[in-house]
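Here is the structure we will look at.
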2 protein chains.
Amino acid sequence: MAEPPIRSRILEEARDLFVAQGAAAVTMRGVAARVGVTPMALYRYFPSREELLGALVEQGHATFLGYLNRSLRETTPLARLAVAGEQYLRFALEHPQSYAVMFMERDVPVGRAGAADAGEGAATFRFLVDRVRDCSAAGALEVADAEETALVVWAHVHGLVSLFLAGKLPLAEREFADLYRRSIDALLRGFAPPAAAPASASARRATGRRVRGGTVATRAR
Amino acid sequence: MAEPPIRSRILEEARDLFVAQGAAAVTMRGVAARVGVTPMALYRYFPSREELLGALVEQGHATFLGYLNRSLRETTPLARLAVAGEQYLRFALEHPQSYAVMFMERDVPVGRAGAADAGEGAATFRFLVDRVRDCSAAGALEVADAEETALVVWAHVHGLVSLFLAGKLPLAEREFADLYRRSIDALLRGFAPPAAAPASASARRATGRRVRGGTVATRAR
DNA sequence: GTCTATAGGTGGATAGAC
DNA sequence: GTCTATCCACCTATAGAC
């Protein structure tokens, strides 16, 4: 315990390289040099570089789930969904390299399955589906298919985040965060139940946009 | 003219490798072998592999703009926006490798500028802004900031497309295309003007979702 | 001008000695 | 377990033949 196992040391150094300079910087040679062994020694613990990266991605998914779980402190379904969205953004901004490899890379070395039903990634998606289902059950959203709606919401936030992280959006982080929130409002407005419309509609007519009451406006930090 | 210039031959073979196996497959050795010259010969026409890839990306943007332009045949602003969305999807599905390198890759070798104001990419974004502005002017959408709204719409479709292309969505192409259309409906519903709501709202209450009349439902092909 | 030959650098990975 | 050889594939660059 006092002596960190070599395997952990490897993962540690790999992770540092990973978050600092991205997946491309995680070379067997580079990691080995930092650990203090020859490149070949790493192959005793990881059969290939792919597997090493896979372990890092798994670690990323676990961290990500930790962020999302903080949204469960909220008291209303809609607030939980909203805060989950905030936490999604927080994770992406605080761990951009991890986010990129988890969701933006092609041929991700995730677990073993090929589709979206893979282990780690599935858990985070399930989380979002549950949030949507809660809102639907509480009448906060009008949802025909919770999985599909969750997927649409996921795609929306991912689209924003991935474009921002790829440097395609000429916005400062602060501006982007505001845009992120406003656009989620707009999207959820499309799933708002007709019954709940009146209050929302009046407020909307007044401000021009950015509505959806205090419950949802709850901030994460 | 009868003899295709070597430079064109190079681009041609590079493009084939590119669309078939992605950017990683475009190696100087691989391209040179197919052209029938040595790897070094390529450096007479392209200073580096980066520049070669850049030329391919530029070509991709040009093709993309061609797809989008087809939406201008429509007669209403909303229909033009909707068909532009259809064409966006078509391009992504018909040129997945190009799409990936243009929008999903990090450190894209686009032109020279660093931000989103780069040459080729900017033109396609401008196109979308124009579509949104048209809708806003015609009262079809309630838009405070056309650039921001266009960006949100872009992020939305990009999110869907990029997740699908990355294999994160357990959907067949057909299912995905349907989902794509429905989700855009939902998003635009969030930007729908309160005045236009009545007709839309009644139809919506009847079907449960998938509204927004025949004008928008116009298909691309 | 265009290409070949060749050499240097980075990376991943296998085989087999210690 | 760890290491030394060693091989392979790739990009880049210089020298010099045609």
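Chain letters run A, B, ... following the sequence lines, proteins first and then strands; every chain starts at 1. Just the heavy atoms: all of them, side chains too, but no hydrogens, waters or symmetry mates, feed the values below.
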The answer to which of A/Ile6 and B/Ser48 contacts DNA chain D further toward the 5' end, by nearest nucleotide, is A/Ile6

Output the rounded distance in Å from [atom1] ([X]) to [atom2] ([N]).
X	N	atom1	atom2	result
B/Glu51	D/dT12	CD	P	11 Å
B/Leu42	C/dC3	CG	P	9 Å
B/Glu50	D/dT12	CD	C1'	13 Å
B/Leu53	D/dC10	CG	P	14 Å
A/Phe46	C/dT14	CZ	C1'	19 Å
B/Met28	C/dC3	CE	P	13 Å
A/Leu52	C/dA13	CG	P	10 Å
B/Arg7	C/dT2	CZ	P	12 Å

Any chance you could lay out the side chain to side chain donor-acceptor pair (under 3.5 Å) test for B/His61 and B/Thr124, step after step, and finish with the verdict?
CA-CA 8 Å; B/His61 276 293; B/Thr124 65; 4.8 Å; no

Of all the choices, [options], which nucleotide is nearest to the side chain of [X] once you look at every atom?
X	options	value
A/Arg49	D/dT2, C/dA13, C/dC3	C/dA13
B/Thr27	D/dG1, D/dC10, C/dG11	D/dC10
B/Ala41	D/dT12, C/dC3, D/dC3	C/dC3
A/Met40	C/dC3, D/dT12, D/dT4	D/dT4
A/Tyr45	D/dG1, C/dC3, D/dC3	D/dG1

Can you see if the side chain of A/Tyr43 gets near the phosphate of C/dA13 - specifically, an N or O under 4.0 Å from OP1 or OP2?
yes

Is there a side-chain polar atom (N or O) of B/Thr38 under 4.0 Å from OP1 or OP2 of C/dT4?
yes

NZ or CZ of B/Arg131 within 45° of B/Phe127 ring axis and under 6.0 Å
yes

Distance under 6.0 Å and angle within 45° of ring axis: B/Arg70 vs B/Tyr67
no

For A/Val35, report the nucleic acid contact type (base, sugar-phosphate, nothing); a contact means any heavy atom under 4.0 Å.
nothing

Check this for me, if you would: do B/Arg126 and B/Glu147 make a salt bridge, where the nitrogen-to-carboxylate-oxygen distance has to be below 4.0 angstrom?
yes

Under 3.5 Å, is there an N or O donor on one side and an acceptor on the other linking the side chain of A/Arg29 and the base of C/dG12?
yes

Once rounded to the nearest 0.5 Å, what's the spacing between atom OG1 of A/Thr75 and atom CZ of A/Arg80?
7.0 Å

